[in-house]
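Here is the structure we will look at.
Convention: sequence-line order gives letters A, B, ...; per-chain numbering from 1.
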Protein chains: 2
Amino acid sequence: MLDTPNLDRRAERYKATVAEIIQAAWELARAGGLAGLSLRELASKVGMRAPSLYSYFDSKNAIYDAMYAQGAREFLERETRLPFTGDPLEDLKTITHFFFDFSTEDPVRYQLLFQRSIPGFQPSPESFAISIKGLEVLRERLTAMGFNEPDMLDLVTAVGTGLTSQQISNDPGGDRWARLVDESVDMLINHLNRMKRRSER
Amino acid sequence: MLDTPNLDRRAERYKATVAEIIQAAWELARAGGLAGLSLRELASKVGMRAPSLYSYFDSKNAIYDAMYAQGAREFLERETRLPFTGDPLEDLKTITHFFFDFSTEDPVRYQLLFQRSIPGFQPSPESFAISIKGLEVLRERLTAMGFNEPDMLDLVTAVGTGLTSQQISNDPGGDRWARLVDESVDMLINHLNRMKRRSER
DNA sequence: GTCTATATTTGGATAGAC
DNA sequence: GTCTATCCAAATATAGAC
């Protein structure tokens, strides 16, 4: 049959258009805010009229969901590729820097993935599952370091989130809190060791 | 003259209506999100039609600004009344608990005051000045404890913000991060002392 | 100071021709 | 798959009568 290649090409073209739409959506969101994204603008940016988008996505929320899934996948892939050494201090620094950099390099993505502050939108279970895995990697890292209590994980995420959100809110584009990441991880490790000794008694 | 009492009463009635509108605005924002606040709904809640609100506020943003100012004033008043002892550890715990409790008891207020994530809205300089004073109290407290470097203040705000935002985002109404506040302040104090020793060398 | 009526803009989403 | 045309809903804000 000669049909199969044609079908393939059509499917590929379709997928490429989907990717182009998502890409344009990120750009508009970065420019005008996540909540400010409008379908008319989005369509116009990819050379379409608004109704044509519905050939690719069922709704506006479906677009947010695709963005969410892409962001979570990206996070997971980069996290998985991090070069861990086995040294607790170094490894916790690596993962904290990674979270900080990933978040601050695209605040809109941070908002969508980690603040879920967009009214009426919740990621689909499939998309959410991807981002659960991201936290799981951190949990496993901490366990490998001997820090396996839930409170320890919560403390680490609190510090990482705090540095990140202060950087984004109060010094966007700067390094006022970025400079404190290493320092904060030293602080954390010291304290996690104290917690560990305490719980071993 | 008999006019003055009447004028007073009118002015008081007017002020009372303004207060009632702001109160209703908070309630609607808590129910349907800060960005979701609509003038129709707001007017309806106080027994008016939307255009009548313009007798009290110039615009929707003026309403946000009044909410912001009220929240910042409330923060400052309660912060000023905190019972400080002079013991660094206790005092930092007091102020951190205060920030955490104030923020988590009303996440919408937290969002308006500390995340400024409402598109197109920026507090007026007068309103913003109130909230600057709030941070100033913390700075003075830290200075009184001998922790007077900017990095130390930034580290403290990062930890406070992180605990708070994790609590609000990932365990609303619960106490998963609330239970870590004392622990985190211990951690902070230990580290601030290390920083101090380091900088004294 | 409050109303009705309306201007104006904008949004998401659908119907149906091509 | 894309379009035009349209629906429908909602928003902020203004004009002008009372």
Side-chain angles (χ1 to χ4, degrees), chain A residues 3 6-25 27-29 31-68 112 117-122 124, chain B residues 3 6-25 27-29 31-68 112 117-122 124:
Chain A
D3 286 16
N6 280 331
L7 286 174
D8 284 357
R9 249 177 261 167
R10 265 183 219 169
E12 298 232 345
R13 182 78 198 87
Y14 186 89
K15 274 173 59 183
T17 306
V18 166
E20 192 190 347
I21 293 169
I22 296 297
Q23 171 63 21
E27 283 164 25
L28 287 176
L34 204 49
L37 182 66
S38 105
L39 297 188
R40 280 169 160 75
E41 255 190 321
L42 176 55
S44 155
K45 196 172 168 82
V46 296
M48 289 179 182
R49 301 304 185 117
S52 306
L53 292 174
Y54 286 83
S55 297
Y56 300 94
F57 297 96
D58 286 343
S59 68
K60 188 183 182 183
N61 272 352
I63 295 176
Y64 283 133
D65 196 54
M67 296 167 78
Y68 183 100
L112 181 63
S117 72
I118 179 102
F121 167 68
Q122 275 195 308
S124 63
Chain B
D3 287 14
N6 281 331
L7 286 174
D8 284 357
R9 249 177 262 169
R10 264 182 219 170
E12 298 233 344
R13 181 80 199 85
Y14 186 88
K15 273 173 58 184
T17 305
V18 166
E20 192 190 347
I21 292 169
I22 297 296
Q23 172 63 21
E27 283 164 25
L28 287 176
L34 203 49
L37 182 66
S38 107
L39 298 188
R40 285 187 208 294
E41 256 190 322
L42 177 55
S44 156
K45 196 171 168 83
V46 297
M48 290 178 181
R49 302 303 186 117
S52 306
L53 292 174
Y54 286 82
S55 298
Y56 300 93
F57 297 96
D58 286 342
S59 67
K60 188 182 180 181
N61 272 352
I63 295 176
Y64 283 132
D65 196 55
M67 295 168 77
Y68 183 99
L112 180 64
S117 72
I118 179 101
F121 167 70
Q122 275 196 308
S124 63

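Rounded to an integer number of Å, the gap from A:N61 CG to C:dA13 P is 8 Å. One can place OH of B:Y56 at 13 Å from C1' of C:dC3, the figure rounded to the nearest angstrom. The CD1-P distance, from A:I21 to D:dT2, rounds to 8 Å in whole Å. Look at CZ on A:R13: it is 8 Å from P on D:dT2, rounded to the nearest Å. The interatomic distance linking A:D58 (CG) with C:dG12 (P) rounds to 15 Å, in whole Å. Rounded to whole Å, the distance from CZ on A:R40 to C1' on D:dT2 is 16 Å. Computed from coordinates, the B:K60 NZ to D:dA13 P distance equals 8 Å when rounded to whole Å. A straight line from CD of A:E12 to P of D:dG1 spans 14 Å, rounded to a whole angstrom.
Residue-level contact check: B:L53 touches neither bases nor backbone, having no heavy atom under 4.0 Å from any strand. Within the nucleic acid shown, A:Y54 comes within 4.0 Å of at least one base atom, counting heavy atoms only. Using a 4.0 Å heavy-atom cutoff across all strands shown, A:S38 reaches sugar-phosphate atoms only and no base atom. Within 4.0 Å of B:L42, counting heavy atoms only, lies no atom of the nucleic acid at all. Using a 4.0 Å heavy-atom cutoff across all strands shown, A:T17 reaches no nucleic acid atom at all.
Of the possible donor and acceptor atoms, none in the side chain of A:K15 sits under 3.5 Å from a partner among the backbone N and O of A:R10. The backbone N or O of B:Y14 sits nowhere less than 3.5 Å from a side-chain atom of B:Y56 that would complete a donor-acceptor pair. A donor-acceptor contact shorter than 3.5 Å is absent between the side chain of A:N61 and the backbone of A:F121.
Put simply, A:S52 has no side-chain N or O that comes within less than 4.0 Å of OP1 or OP2 on D:dG1.
Across all non-hydrogen atoms, the minimal contact from A:A29 to A:M67 is CB-CE, 4.3 Å. Nearest heavy atoms, B:L42 versus B:A25: CD1-N, 3.5 Å.
Comparing D:dA13, D:dG1, C:dA13 by their closest approach to the side chain of B:L39 singles out D:dA13.
Projected onto DNA chain C by closest heavy-atom contact, B:P51 and B:Y14 fall at different nucleotides, the more 5' of which corresponds to B:Y14.
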